[in-house]
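Chain A is the first sequence line, chain B the second, and so forth, proteins listed ahead of strands; every chain is numbered from 1.
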Amino acid sequence: MKIYYTLTGQKEVFEPLIPSRVSMYACGVTVYDYCHIGHARSAIIFDVIRRYMRYKGFQVTYVRNFTDIDDKIINRARQENVSWDVIAKQYTDAYYEDMDMLGVGRADVEPKATEYINEMIEIIKALIGKGIAYVSDGSVYFSVDKFPGYGKLSKRDMEEMLAGARVDVDKRKKNPLDFALWKNSKEGEPFWESPWGLGRPGWHIECSAMSLKHLGESFDIHGGGADLLFPHHENEIAQSEAFTGTPFAKYWVHNGFITIDKEKMSKSLGNFFTIREVLDKFDPEVLRFFLLSTHYRSPIEFSDEQLREAESSIDRYYTTAVRTNDFLERNDSGYKELSGTGKSFSELLSAFKESFEEAMDDDFNTAQALGHIFELIRECNRFLDSKPSGQEAGELILKTRELLTETGTVLNIFNRTPLEWYSSLMHVKNIGLSEEDILEQIGKRQDARNRKDWQTADIIRRDLEEKGVLLEDKKDRTDWKIKVG
RNA sequence: GGCGGCGUACCCAAGUGGCCAAGGGGGAGGUCUGCAAAACCUUUAUUCAGCGGUUCAAAUCCGCUCGCCGCCUCCA
C-alpha cells in the first residue's frame with residue numbers, strides 16, 4: 001500500500017510503526033457553526049481510510065478531536081448571548097447528526113480540547129523548562145527559532161515567511177512567527193487556571209496533547225484539510241517533537257478543497273454550502289459518492305449538476321441490484337453449462353477484488369475503485385442479458401452481490417435496498433405521492449393494459465412521469481422508480 | 001515575492017515510461033418492448049493546453065510558453 005506523504009511530496013510505501021496496527025489522528029472541527037461540505041469531504045476521506053485499513057486487516061485506532069474552545073466559539077456565544085459551552089454542545093450535536101447522515105462512523109476516541117487542559121499545561125510547562133517556550137504578558141508562546149525543523153512540513157523557509165510580511169506584528173512575541181500555546185484570558189472570556197494565570201489553550205496545542213495521550217509520542221497517520229498544513233500541522237510538529245524528542249506523525253495526509261466556480265469554498269468568501277443545505281435536495285449517499293468520485297488530494301468542483309450525475313450513477317447501481325435480486329429469486333438451480341459470456345464474466349469476477357485493492361492501495365484512489373465497480377456492474381448486466389440459468393450462474397450472481405457489498409462497505413455506499421433508495425429519493429425530491437398511490441396507479445394501468453387499452457395505460461404512465469415517477473414493465477409485473485439526474 | 005498544484009472527449013474524471021487512453025453523465029444509431037423504460041451493443045480523444053528535448057518507446061520524464069487555482073492570516 002502506498003500513501004502520498006506531504007513531507008516528501010511523493011507516494012511512500014505504508015509501513016505502520018507496529019505491524020498490523022494503524023494509529024491515525026484527524027483534525028476534526030471547531031464547533032461554532034454547522035458543518036459545510038468541506039468538512040464532509042475531510043470526514044469522509046478519513047472514514048474511508050479507516051474502513052479500508054480495517055478491511056486490510058489492520059487493527060485501527062482512530063482519533064478525531066473536537067475543538068470546543070476557541071475565539072470563534074466565544075464570539076458566537078457572545079452574539080447569541082449564551083455561554084460558550086452551549087454553543088459547543090449545540091454544534092457538536094449538529095455535527096453528529098450530519099455525520100450520521102453521511103455514513104461517517106464515530107472515531108474510536110473523540111476527545112474534546114477542554115477535557116485535556118491539564119495535559120496541555122504539562123506540555124507547556126515542559127517546553128518552558130526546555131527554553132523552547134516563553135511567558136509574555138500572561139500568555140505563553142512557542143519560540144520557533146528554537147525548533148530547527150520549523151517549516152519542514154509545509155516546505156517553508158522562515159526568512160521568506162517573514163519577508164512575506166503577512167504575519168501580524170505582535171509586541172508580545174519575540175519572533176512574529178511564534179505562536180500561542182496559552183492565551184491570557186480577557187475580561188468576560190472563559191478561563192482555566194494555569195501557572196501563568198487565568199487563560200485558555202492556544203489552538204495547536206490541543207492536538208499535540210490529545211494525540212500524545214491516545215496514540216503515543218509517535219503514530220502512523222495524521223491528516224486534515226490542506227488548509228491545516230500551515231500553520232496548524234507545522235506547529236503541531238514543532239510542539240510535539242520539541243516536547244518528546246521523537247518524530248511525531250509518520251505519514252501526513254491532506255485532502256484537497258472543494259471549489260465553487262473554480263474558487264476555494266470558504267466561509268470568508270461566503271461561497272459555501274452546509275451539509276444540511278445539500279441534504280435538503282439530495283440523498284446523503286449522493287454527496288458521499290460525489291466526494292469519493294475524485295481523488296482526495298485533487299480539488300473538486302461542486303455544483304448541482306455534478307450531484308445529479310452522481311445521483312444517476314448510484315441509480316445505475318440500484319437498478320442492477322433489482323435485476324440481480326430478481327434473477328436469484330427465479331433462477332432454477334439445476335445444472336447448466338455456463339455460456340461464453342458467463343465464462344468471461346466469471347474471469348472478471350475473480351479479478352475484481354484485486355483490481356479494487358490495487359486502486360485503494362494506490363493512495364486510496366476511490367475514483368479508480370469506483371471505475372472498477374461500475375465495470376463489474378456493466379459486465380453483470382451483460383451476463384444477465386444473456387439470459388443465464390442454472391446453479392453456476394446463480395453462484396456468479398451471488399458472488400457479484402457479495403463483492404459489491406464488501407467493497408461498498410469500505411466506501412460505505414451501496415448498502416441499502418433499492419426500495420430504500422427510491423423511498424429516500426421520493427422524499428428528497430418531494431414527489432408528493434405515497435408508495436400506495438403509485439401502486440394504485442400501476443394497478444389501474446395494468447387493467448388498461450390487460451384490455452389492450454394502450455392509450456389509457458400510456459396516459460397513466462405519462463402522468464406519473466411528470467411527477468417524477470418512472471414505470472418499468474417487466475415480464476410479470478411493473479416496477480416503479482424515481483427519476484434521477 | 002516565496003512555495004505547491006492543475007490543464008485528458010460535449011461535461012465530470014482515472015491513468016505518471018510500453019497491452020485497444022478506465023469509469024460515470026450526456027449525444028447519435030441499433031437490439032429488446034404493445035409503446036416505453038431499464039439493460040446491452042456500436043459510436044462520440046490516432047490523442048492527452050502549446051512548443052521543443054531525453055528515450056527503441058511519453059499523456060506520463062526534462063525545459064520553455066500560455067491558462068487556471070491554492071498556501072504563505074482563521075479556515076476541512
Could you check whether [Y] and [X] have their ring centres less than 6.0 Å apart?
X: A/F272; Y: A/F302; answer: no
X: A/H222; Y: A/F248; answer: yes
X: A/F179; Y: A/Y141; answer: no

Roughly how many Å apart are [M] and [N], using the [atom1] atom of each and rounding to a whole number?
N: B/A39; M: B/G50; atom1: C1'; result: 42 Å
N: B/C71; M: B/G17; atom1: P; result: 30 Å
N: B/A14; M: B/G23; atom1: C1'; result: 7 Å
N: B/C56; M: B/C40; atom1: P; result: 44 Å
N: B/U33; M: B/C69; atom1: C1'; result: 50 Å
N: B/C51; M: B/G15; atom1: P; result: 25 Å

Between [X] ([atom1]) and [N] ([atom2]), how many Å, whole number?
X: A/H295; N: B/A14; atom1: NE2; atom2: P; result: 8 Å
X: A/F327; N: B/A39; atom1: CZ; atom2: P; result: 19 Å
X: A/L229; N: B/C71; atom1: CG; atom2: C1'; result: 8 Å
X: A/N450; N: B/G34; atom1: CG; atom2: P; result: 13 Å
X: A/E236; N: B/C75; atom1: CD; atom2: P; result: 11 Å
X: A/L291; N: B/C12; atom1: CG; atom2: P; result: 17 Å
X: A/K72; N: B/U73; atom1: NZ; atom2: P; result: 15 Å
X: A/E465; N: B/A38; atom1: CD; atom2: P; result: 9 Å

Taking the side chain of [X] as its heavy atoms from C-beta onward, which of [options] lies nearest to it?
X: A/E472; options: B/A37, B/A76, B/G15; value: B/A37
X: A/F230; options: B/C75, B/C72, B/G25; value: B/C72
X: A/R449; options: B/A13, B/C74, B/C35; value: B/C35
X: A/K481; options: B/U73, B/A38, B/G15; value: B/A38
X: A/A367; options: B/G23, B/A37, B/A13; value: B/A13
X: A/R316; options: B/C75, B/G34, B/G24; value: B/G24
X: A/S313; options: B/C71, B/U16, B/G25; value: B/G25
X: A/K155; options: B/C3, B/A14, B/A76; value: B/C3

Is the distance from OP1 or OP2 of [N] to the nearest side-chain N or O of [X] less than 4.0 Å?
X: A/R378; N: B/G23; answer: yes
X: A/R382; N: B/C41; answer: yes
X: A/K264; N: B/C71; answer: yes
X: A/N365; N: B/A14; answer: no

Inset, instruction - Select from A/H372 and A/Q368 the residue whose nearest nucleotide in RNA chain B is closer to the 5' end of that strand. - result: A/Q368
Legend entry - Comparing A/E309 and A/S154 on RNA chain B - which has the more 5′ nearest nucleotide: A/S154
Inset, instruction - Answer with yes or no whether the side chains of A/H233 and A/H254 bring together a donor and an acceptor at under 3.5 Å. - result: yes
Inset, instruction - Kindly indicate, with the supporting measurements, whether the criterion side-chain hydrogen bond (donor to acceptor under 3.5 Å, both in side chains) is fulfilled by A/N184 and A/R200. - result: CA-CA 7 Å; A/N184 183 9; A/R200 60 195 158 88; over 6 Å; no
Side chain of [X], base of [N]: donor and acceptor closer than 3.5 Å?
X: A/E375; N: B/G23; result: no
X: A/D473; N: B/C35; result: yes
X: A/D458; N: B/G34; result: yes
X: A/R461; N: B/A36; result: yes
X: A/R156; N: B/G1; result: no

Inset, instruction - Under 4.0 Å between any heavy atoms, over every strand shown, what does A/G485 touch: base, sugar-phosphate, or nothing? Just pick one. - result: nothing
Legend entry - Aromatic stack A/F374/B/G24: centroid gap under 5.5 Å, interplanar angle under 30°: no
Legend entry - Parallel, tilted or perpendicular, as decided by the 30° and 60° cut-offs, for the rings of A/W421 and A/Y318: parallel
Legend entry - Plane angle bin for A/Y317 and A/F414 - parallel if under 30°, tilted between 30 and 60°, otherwise perpendicular: parallel
